[in-house]
Amino acid sequence: MALIQAAHSGGVATITLDSPANRNALSLALMAELLAALEAAAGDDGVRLVELRHTGPVFCSGADLKETQTGDGDALPVARLGEVLTALAEHPKPVLAVVAGPARAGGLGLMAAADVTICADAAHFAFSEVRLGVVPSVISAVVLPRLTSRAAAELFLTGDVFDGPRAAQIGLVSRSVPADDLDAATQALRESLLRGGPGAMRATKRLLRERPVDMAELTALSVRHFTSAEGREGVAAAREKRTPTWLP
């Protein structure tokens, strides 16, 4: 039985964690399917946005503890988690995560690795690793750049539970909304993310990730995109008060 569901419509590749029986835990099988779905979306020119969702009440409970207890070395789920987080963070298309329910540990890594994450106010989260006697090491690569340093220290060291509004306050998620507003808020974000030029979105993602400070490099990047076919089409569309041709 598939643990990931993938669908494509209107430029959006929807990838859904679909293992509610174990709270969408990050098993080796689920992560392999997730990586395959992300790779397929990356190679599909018709995909403009990746939307990560979940079935069941829980977004993701973190690493599969059954496999963690019995596995060793490369057989441990955490051994492949970094590959998943990298595939999300470095995906050429923008990634929007929609979180309607709780997440723990590695699940928070998925949320942080997405470019934009929206959650329900009532969803609750925890960096629960220390309470299991382990370290939030792999997820720190994507989580720590999002969080304030004080919040990171408190939440990593205590493992305490916090809600959606706190997650937004500290930068783990982009926005937290009442559960009844989640669909409408997601649709608004989806429409906004689809408006950008595909090439510009890829380059902007790299800019956000790499954060170069050399002004000559940054100037060359701007000139390159202003003079590209996509840039010229965008400027022409703005001047002519029409939608650019790349909108799906």
Side-chain angles (χ1 to χ4, degrees), residues 2-20 23-26 30-61 83-103 106-123 125 142-143 146 164 167-168 172-202 204-206 208-209 246-248:
L3 304 175
I4 294 290
Q5 301 298 328
H8 176 196
S9 176
V12 180
T14 302
I15 299 175
T16 304
L17 307 181
D18 190 19
S19 184
R23 300 179 300 168
N24 292 317
L26 296 169
L30 183 144
M31 286 190 286
E33 292 184 26
L34 178 53
L35 284 165
L38 289 170
E39 183 178 3
D44 187 341
D45 290 340
V47 171
R48 298 284 311 288
L49 169 68
V50 173
E51 194 166 296
L52 183 64
R53 306 184 69 98
H54 63 102
T55 60
V58 176
F59 174 67
C60 177
S61 59
E83 188 180 351
V84 171
L85 298 182
T86 299
L88 285 166
E90 298 185 1
H91 202 278
K93 319 293 174 70
V95 178
L96 168 64
V98 183
V99 180
L108 277 65
L110 301 183
M111 294 164 55
D115 297 297
V116 180
T117 297
I118 186 170
C119 76
D121 286 345
F125 313 108
V142 291
V143 169
R146 302 289 192 197
L172 178 64
V173 302
S174 313
R175 192 179 305 177
S176 178
V177 299
D180 289 346
D181 296 338
L182 186 60
D183 287 344
T186 298
Q187 178 62 24
L189 281 170
R190 186 185 299 128
E191 291 174 358
S192 292
L193 288 165
L194 286 170
R195 293 189 67 83
M201 296 294 268
R202 285 193 297 272
T204 301
K205 283 198 60 167
R206 285 195 300 272
L208 288 166
R209 184 171 66 249
W246 63 69
L247 260 68

Test log, rule side chain to side chain contact (heavy atoms under 4.5 Å, CB included), inputs V173 and I118: CA-CA 6 Å; V173 302; I118 186 170; over 6 Å; no
What I'd like to find out is whether the side chain of [X] reaches to under 4.5 Å of the side chain of [Y], using heavy atoms alone.
| X | Y | value |
| --- | --- | --- |
| C119 | F125 | yes |
| L189 | L96 | yes |
| F59 | M111 | yes |
| L34 | L3 | no |
| H54 | D18 | no |

At their closest point, which heavy atom of [X] faces which heavy atom of [Y], and how far apart are they?
| X | Y | result |
| --- | --- | --- |
| P102 | A123 | N-CB, 4.3 Å |
| S19 | L30 | CB-CD1, 3.9 Å |
| V47 | A13 | CG1-CB, 3.7 Å |
| L194 | G10 | CD1-O, 4.0 Å |
| G109 | V142 | O-CG2, 3.7 Å |
| E191 | R195 | O-CG, 3.1 Å |

Results of side-chain hydrogen bond (donor to acceptor under 3.5 Å, both in side chains) for T204 - residues two or more places apart only: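 Result, side-chain hydrogen bond (donor to acceptor under 3.5 Å, both in side chains) vs T204: none returned.
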For E39, all residues meeting side-chain hydrogen bond (donor to acceptor under 3.5 Å, both in side chains), sequence neighbours excluded: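 So E39 forms no side-chain hydrogen bond (donor to acceptor under 3.5 Å, both in side chains) with any residue.
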Heavy-atom donor-acceptor pair, N24 side chain to T55 backbone, under 3.5 Å: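 Flag set: sc N24 to bb T55 pair under 3.5 Å.
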Polar side-chain atom of R23 near backbone of S61 as donor-acceptor pair, under 3.5 Å: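 No, R23 side chain to S61 backbone: no donor-acceptor pair under 3.5 Å.
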Ring pair (Phe, Tyr, Trp, His ring centres under 6.0 Å) pairs, two or more places apart, involving residues 173-201: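 Listed by first then second residue: nothing to list.
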Full working for side chain to side chain contact (heavy atoms under 4.5 Å, CB included) between I15 and L38: CA-CA 8 Å; I15 299 175; L38 289 170; 3.7 Å; yes
Taking only residues two or more places apart in sequence or in another chain, which ones pass side-chain contact (heavy atoms from CB on, under 4.5 Å) with [X]?
| X | result |
| --- | --- |
| A32 | R80 |
| R53 | T14, T16, E51, V98, D183, T186, R190 |
| A2 | Q5, E33 |
| P198 | R48, R202, E230, W246 |

Gap separating the CD1 atom of I4 from the CG atom of L17, nearest 0.5 angstrom: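 It is 4.5 Å, given to the nearest 0.5 Å.
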Donor on one side chain, acceptor on other, D121 and S176, under 3.5 Å: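 Note: D121 and S176 side chains meet the donor-acceptor criterion.
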side-chain hydrogen bond (donor to acceptor under 3.5 Å, both in side chains) contacts in which one or both residues fall within residues 108-120, not counting sequence neighbours: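 Counting only pairs at least two positions apart or across chains, the side-chain hydrogen bond (donor to acceptor under 3.5 Å, both in side chains) contacts touching residues 108-120 are D115-K205.
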Residue pairs passing the side-chain hydrogen bond (donor to acceptor under 3.5 Å, both in side chains) test where at least one lies in residues 88-100, sequence neighbours excluded: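 Matches after skipping sequence neighbours: none remain.
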Stepwise side chain to side chain contact (heavy atoms under 4.5 Å, CB included) test for R175 and V177: CA-CA 7 Å; R175 192 179 305 177; V177 299; 3.9 Å; yes
Name of the residue among S192, P94, P248 meeting side-chain contact (heavy atoms from CB on, under 4.5 Å) with L49: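 Exactly one option meets the side-chain contact (heavy atoms from CB on, under 4.5 Å) with L49, and it is P94.
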